[in-house]
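Below is one structure; the comments refer to it alone.
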2 protein chains.
Amino acid sequence: MLALSATSEIVCESPRNVFALPLPARRDDMSAPLTEQLAQSSPSVYTAREDLFLEGDESSHILEVVEGVICAYRLLPDGHRHVVSFYFAGDLIGYCSQSTHTFSAQALTKVRVRRIPRHLLNQLIETRPQFARRLLKLAADELTVTREHMLCLAAKSAEARMAVFLLALSRRNRDTGADQSRIELPMTRVDIGDYLGLTIETVSRTFSKLKRAGVIALPRTTTVLIRDAAELEALAQG
Amino acid sequence: MLALSATSEIVCESPRNVFALPLPARRDDMSAPLTEQLAQSSPSVYTAREDLFLEGDESSHILEVVEGVICAYRLLPDGHRHVVSFYFAGDLIGYCSQSTHTFSAQALTKVRVRRIPRHLLNQLIETRPQFARRLLKLAADELTVTREHMLCLAAKSAEARMAVFLLALSRRNRDTGADQSRIELPMTRVDIGDYLGLTIETVSRTFSKLKRAGVIALPRTTTVLIRDAAELEALAQG
DNA sequence: CGGCAACTTGAAGGAAATCAACGTTAGTGG
DNA sequence: CCACTAACGTTGATTTCCTTCAAGTTGCCG
């Protein structure tokens with residue numbers, strides 16, 4: 001029921017790629033009363049392209065994604081948009097942020113989230129030091145993943161960035177038991193571009209290039225089939 | 001004596017720029033016995049360009065920078081180097097990372113650091129929930145700062161990145177009571193380039209361009225004088 | 001079937017990388 | 001103190017990759 005306690009243990013020690021974070025929850029390692037308190041809050045539902053919150057909003061709750069995909073983004077004064085991260089089922093959003101949100105969050109698909117009041121989180125930290133350590137581990141892992149993405153933006157070509165991106169989605173599939181070689185993209189080309197620091201044209205062209213090279217196939221615009229994972233890994237290196 | 005407890009309160013609520021993190025410590029808000037335990041460890045000293053640790057090394061301690069500047073970096077298979085962050089006096093390194101370091105750390109100047117054993121940190125988390133919350137806050141702030149830098153790399157021009165970088169250093173000066181308009185660069189052009197995702201040539205050219213425009217002056221290669229802070233702010237926007 | 005949004009593709013332009021040469025500074029030893 | 005050297009920094013010319021601008025095309029939903 002509650003992912004908080006479980007996820008941190010499943011996370012790999014040194015995540016190499018983005019989206020390498022959480023997995024489905026176990027419920028046996030939390031104190032029962034608190035688990036129930038957290039579980040009480042019934043999931044909120046959002047439809048595609050609906051904003052869950054905006055940058056600057058009061059963040060009295062943290063969110064656990066139960067179903068669907070969420071896009072965290074920021075709008076810049078010059079009109080640019082930057083996608084900070086994508087969050088999938090099992091992920092936590094805003095669990096360690098300021099008193100106001102530092103980014104906006106938009107549903108990419110139909111989304112169900114569980115809202116956990118921050119004061120309850122603080123209460124858990126007070127009473128269960130184990131819990132605090134796990135939360136710290138989660139924060140540390142998100143930091144590592146963010147740095148990995150930063151490195152990607154600082155030092156890699158469009159092709160390499162796309163390869164890293166696709167491999168991250170592929171690994172996420174593997175970790176959730178889905179087909180590694182078949183990726184359903186819940187996000188548009190604009191979302192991908194804003195995430196990778198590229199224009200939609202470059203994203204599209206790079207997809208075409210990878211397709212021409214036989215590395216991937218694109219039966220539909222939202223479906224990527226990985227044909228040559230080894231080559232994709234090589235391209236991801238740079 | 002110990003920065004851990006104090007820094008988190010001084011950190012601004014939503015840091016807008018890198019290097020906006022910690023400030024000198026206060027000691028009054030920690031339980032005395034533990035403070036003393038932490039203070040016992042006498043600072044280690046490193047000379048310029050000496051590595052404190054390498055990526056992959058066991059990280060049994062976290063480091064508090066007492067004096068000097070440290071450069072966190074990663075070496076990529078393709079020979080590229082990426083500078084993750086710079087750490088200044090008062091900053092904490094590796095306080096929330098994996099069991100092995102996810103980046104290497106090198107002294108840019110003579111450096112003194114206090115080494116705090118991780119097990120002691122865990123002990124503090126167990127016994128002092130306040131402490132755990134503060135550590136979480138520190139992690140959250142570093143995440144926010146990292147995301148800010150990521151945005152910079154993803155969406156800004158060479159000129160804008162340099163402007164953001166210089167303003168961050170300027171703000172750090174202000175926060176430590178030093179001259180806002182006079183920046184002593186402890187890092188080389190290579191370090192700056194690897195941090196901003198630019199080549200040394202571009203870094204150098206951008207410095208020259210800013211100088212020509214009267215935005216900054218460069219009496220020496222390691223000294224930047226900010227002549228037109230407003231214009232620099234404008235350039236930082238993009 | 002029409003209309004619109006998302007995506008693709010092509011051509012031209014620009015920002016930064018690369019390649020190459022020259023200056024400058026700091027550190028060393030005569 | 002000065003000459004020498006090597007690392008660091010600057011500047012210029014050229015190339016490359018990605019962006020921008022501009023049409024098309026596809027696919028979805030009424």
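Within every chain, numbering begins at 1; the chains are lettered A, B, ... in the order of the sequence lines, protein sequences first and strands thereafter.
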>> I need the full list of ring-ring contact (aromatic ring centres under 6.0 Å, His included) pairs touching residues 47-69 of chain B, with sequence neighbours left out, sorted by first then second residue.
In response: B:Phe53-B:His101
> Hey, do the aromatic rings of A:Tyr195 and A:His82 have their centres closer than 6.0 Å?
Replying inline: no
> Which residue pairs pass the salt bridge (Lys or Arg N to Asp or Glu O under 4.0 Å) test with at least one member in residues 204-221 of chain A, sequence neighbours excluded?
Replying inline: A:Glu159-A:Lys209, A:Glu184-A:Arg220
>> By the ring-ring contact (aromatic ring centres under 6.0 Å, His included) test, which pairs, at least two apart or in different chains, include something from residues 197-227 of chain B?
In response: none
> Looking at residues at least two apart in the chain, or sitting in another chain, which of them share a side-chain contact (heavy atoms from CB on, under 4.5 Å) with A:Ala155?
Replying inline: B:Leu76
>> Please enumerate all residues that pass salt bridge (charged side-chain N to carboxylate O under 4.0 Å, His left out) together with B:Arg227, with sequence neighbours excluded.
In response: none
> Closer to the 5' end of DNA chain D via nearest nucleotide, is it B:Arg189 or A:Pro219?
Replying inline: B:Arg189
> Can you give the first and last nucleotides of DNA chain D, 5' to 3', that have an atom under 4.0 Å from a heavy atom of chain A?
Replying inline: D:dC18 to D:dC21
>> Over the length of the helix from C:dC1-D:dG30 to C:dG30-D:dC1, how much do the five-pair end axes diverge, rounded to 10 degrees?
In response: 40°
> Without hydrogens or angle criteria, can the side chains of B:Ser59 and B:Arg118 be said to hold a donor-acceptor pair below 3.5 Å?
Replying inline: yes
> Given A:Glu142 and B:Arg147, is the salt bridge (Lys or Arg N to Asp or Glu O under 4.0 Å) satisfied, shown in steps?
Replying inline: CA-CA 11 Å; A:Glu142 182 143 11; B:Arg147 286 202 185 111; 3.0 Å; yes
Donor-acceptor list for residues 229-238 of chain A side chains, cut-off 3.5 Å, not counting sequence neighbours:
from     : atom 1 : to       : atom 2 : distance (Å)
A:Glu233 : OE2    : A:Arg171 : NH2    : 3.4

>> Once salt bridge (Lys or Arg N to Asp or Glu O under 4.0 Å) is applied, what residue pairs with a partner in residues 81-90 of chain B remain, sequence neighbours excluded?
In response: B:Arg81-B:Asp191, B:Arg81-B:Asp194
> Hey, is A:Lys156 close enough to B:Asp78 for a salt bridge, meaning N to O under 4.0 Å?
Replying inline: no
>> Quick test of your reading: applying salt bridge (Lys or Arg N to Asp or Glu O under 4.0 Å), list the pairs with at least one residue in residues 50-62 of chain A, sequence neighbours left out, ordered by first then second residue.
In response: A:Glu55-A:Arg74
> In residues 197-204 of chain A, which residues come under 4.0 Å of DNA chain D by heavy atom?
Replying inline: A:Gly197, A:Leu198, A:Thr199, A:Glu201, A:Thr202
>> Let me spell it out: for each of A:Ala158 and B:Arg49, pick the nucleotide of DNA chain D with the closest heavy atom. Which residue's pick is nearer the 5' end?
In response: B:Arg49
> CG/A:Leu151 to NE2/B:His80 distance, rounded to the nearest 0.5 angstrom?
Replying inline: 10.0 Å
> First and last nucleotide of DNA chain C touching chain A, 5' to 3', heavy-atom cut-off 4.0 Å?
Replying inline: C:dC7 to C:dA11
